[in-house]
Amino acid sequence: MAASLSSVMPATGAALFFRRLFRRKLVLAAAIILLIAIVAALFAALITPFDPGAMRVARRLRAPDGVNWFGTDELGRDVFSRIIWGGRASLGIGAAVVIFSVSIGGLLGLLAGYFRRLDAVIMRIVDALMALPDILLAIFLVAVLGASAFNVILALAIVYTPRVIRVVRASTLVVRELPFVEAARALGVSLHRILFVHVLLNVASPILVQATFIFAYAVLAEAGLSFLGAGVPPDIPTWGTMIASGQQYADRAFWVVLFPGLAIVLVALSLQILGDGLRDMLDPKLRKAL
Amino acid sequence: MLKVIARRAFGLAIVLAIVGAMVFFLTRLAPGDPAALMLGDQASAEDIAKLRETYGLDRPVLVQFGLWLKEVFSGNLGHSIFLQRPVTQALAERAEPTFFLAVFSLLIAACIGIPAGIASAVWRGRMADQAISGFAMLAANIPSFWLGLIFIQIFSVRLGLFPVAGYGSPDAGLLERLRHLLLPASVLGIVNSALITRFTRASMLDVLDADFVRTARAKGLPERKVILRHAFGNALVPIVTVLGLTLALLIGGAIVTETVFGLPGIGNLVVSAVLRRDYPVIQGALLVVAAIYVLINLAIDVLYTLIDPRVRM
């Protein structure tokens, strides 16, 4: 009985989570779009009809047709295949930014929320970082670090970490005053157990919501950086570099610019909808606020 | 109240000082000798050494930082070899298009966002609300440079309604300038209207249920007056905040948009400075932008108390 209960409980827990999350059809649609985008990025080599780098100069700037679904670019490369491969880079960079900023921001936010002295120092730096527009700080960091995919990730992680710190700190300030934390302290539970088990588990939902939003911001920002020439080197196809290199052909071949942009909008929008859905579900009190 | 503002200003000055230190030390981390970079490939070792001396680059980093701070406080942001002029002059020359672009975009964003937010709140849960909220969410997730390229294709190249790029000839009149700014400002305005729409909707929803709104209705005031005067008037504080916040965001947005539309503003200056590693310009621009951001925040706080006397800082 006990064994069957424990094997059933987590399943129903997860099922309940998804059933509540996908009660709104829009959130379900967003999740499906994201799933398709992620699967396509992971299995790019199996899906794409053409090699993303293969040039066929005889077929340059061809309009979309049965062979090249999204047309071809200025070097005769297949735009559809490049969007799938570009998604691999754009989504990969976005995911890496999320992992970096959430883990570092989460840690610093916990510490800032729990220790008064550290709080003053960390929050001053957060304020300073947030006094610069995202994209300006990012191009500055890429300029200093040098333009490469890894440095774009690093720069965007530095840009978005302060957001995570703020959210986690605010939640930690609330949670640390709750009776169960006091009880744990009274029972002699070690500090790092209190922080990383009791407090962290209770600030997990705002972190999850924020992570979804940062994913969307990072995809948009990567595209912006690459477009400005301060991002990923142009020979790597990302949605941003595709628009950047296609823009001078836009009046003859609009598809070169149109489709990568649509990919960005679709993914960013889906992430935003999913993030909103998560927030509505995890924190009903916030539903009206924003 | 003056005392409170002074205290806030002091806090903001500290934020600025940290930004300055961050920008300065990060720049020193950059690969390559700044003097060699400034002089280009053809420079001799002797020239580089001489330039290093003139700029104090041969001194310890902390001494350099002290010297730099002293210069910044006396209003000197350094000298750009590439542009052959002081950084402050370069920034001042480029300030006009950026200023007009930001203000014009804010106007467009407010003209879209405030009515949309009010309508959305009044018709809460209905089709109109869903359509507006959907549009706001879409707008927030469109890359502004992409929307700019699409708008240029449609309105400038195909329909020929606007110039494709640039800011007109140097002696062009205000009307000509506006014609050049309308398309970029629309792009920035649309993309940035989303936040205003959401904030207006939320703060209207807060007051629409309030007792004084019910009282206004009960005494038979026309619905229009109830919403625009009684409800909107009381929802104004958060809306002013979001307008200020949007203005700060627009400064960042302007960087990308100026590049797309070839506007000779500060954003364009920064992007080209980054591409050729013109560090004095980058440092100066970052510091000035952070200062503007910080001042906007201070202005919002002061406006708060003026609009709503209940708010005490």
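Below, read A as the first sequence line, B as the second, and so on, with proteins coming before strands; counting in each chain starts at 1.
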Looking at Ala223(A), Ala221(A), Ala268(A), Ala131(A), which has the largest count of heavy-atom pairs under 4.5 Å with chain B? Ala131(A)
Go through the atoms of Ala291(B) and report whether side chain, backbone, both or neither lie under 4.5 Å from a heavy atom of chain A. neither
Just so I understand: if I count every heavy-atom pair under 4.5 Å between each of Ala17(B), Ala290(B), Ala21(B) and chain A, which residue has the most? Ala290(B)
Do Leu132(A) and Tyr293(B) make a side-chain contact, defined as non-hydrogen atoms from C-beta onward lying under 4.5 Å apart? no
Hey, could you give me the CG/CZ distance between Leu149(B) and Phe227(A), rounded to the nearest 0.5 Å? 5.0 Å
For Ile142(B), is it the side chain, the backbone, both, or neither that has a heavy atom closer than 4.5 Å to a heavy atom of chain A? both
Just wondering, more than 12 heavy atoms not from Phe100(A) lying within 6.0 Å of its CZ? no
Leu262(A) vs Trp146(B) side-chain heavy atoms within contact, under 4.5 Å: yes
Minimum heavy-atom separation for Ala128(A) to Val19(B), with atom names? O-CG2, 3.4 Å
Among Ile150(B), Val23(B), Asn297(B), which has the most heavy-atom pairs under 4.5 Å with chain A? Val23(B)
For Met137(B) and Ile273(A), which heavy atoms make the closest approach, and how far apart are they? SD-CG1, 3.5 Å
Say you draw a straight line from CG of Leu138(B) to CD of Gln272(A); how long is it, rounded to the nearest 0.5 Å? 11.0 Å
Spacing of CD1 belonging to Ile255(B) relative to CG belonging to Leu136(A), to within rounding of 0.5 Å: 4.0 Å
Tell me, yes or no, whether the heavy-atom count around Phe99(B) atom CZ, taken from other residues, nucleotides or ligands under 6.0 Å, exceeds 12. no
Might you point out which heavy atoms bring Val274(B) and Ala143(A) nearest each other, and give the distance in Å? CG1-CB, 3.4 Å
What part of Leu258(A) lies closer than 4.5 angstrom to a heavy atom of chain B: side chain, backbone, both or neither? both
Check whether any side-chain heavy atom of Val257(A) lies under 4.5 Å from a side-chain heavy atom of Gln153(B), and answer yes or no. no
Which bit of Leu249(B) is near chain A, if near means a heavy-atom gap under 4.5 Å: side chain, backbone, both or neither? neither
Identify which part of Val157(B) has an atom lying under 4.5 Å from any heavy atom of chain A, answering side chain, backbone, both or neither. side chain
CG/Leu286(B) to CG/Leu137(A) distance, rounded to the nearest 0.5 angstrom? 7.0 Å
From the list Ile243(A), Leu228(A), Leu220(A), side-chain contact (heavy atoms from CB on, under 4.5 Å) partner of Phe145(B) resolves to Ile243(A)
Scanning both residues in full, the closest heavy-atom pair of Pro133(A) with Gly252(B) reads CB-CA, 3.3 Å
Between Val15(B) and Asp127(A), what is the shortest heavy-atom contact and its length? CG2-CB, 3.8 Å
Value for CG (Asp276(A)) from CZ (Arg198(B)), rounded to nearest 0.5 Å, stands at 5.0 Å
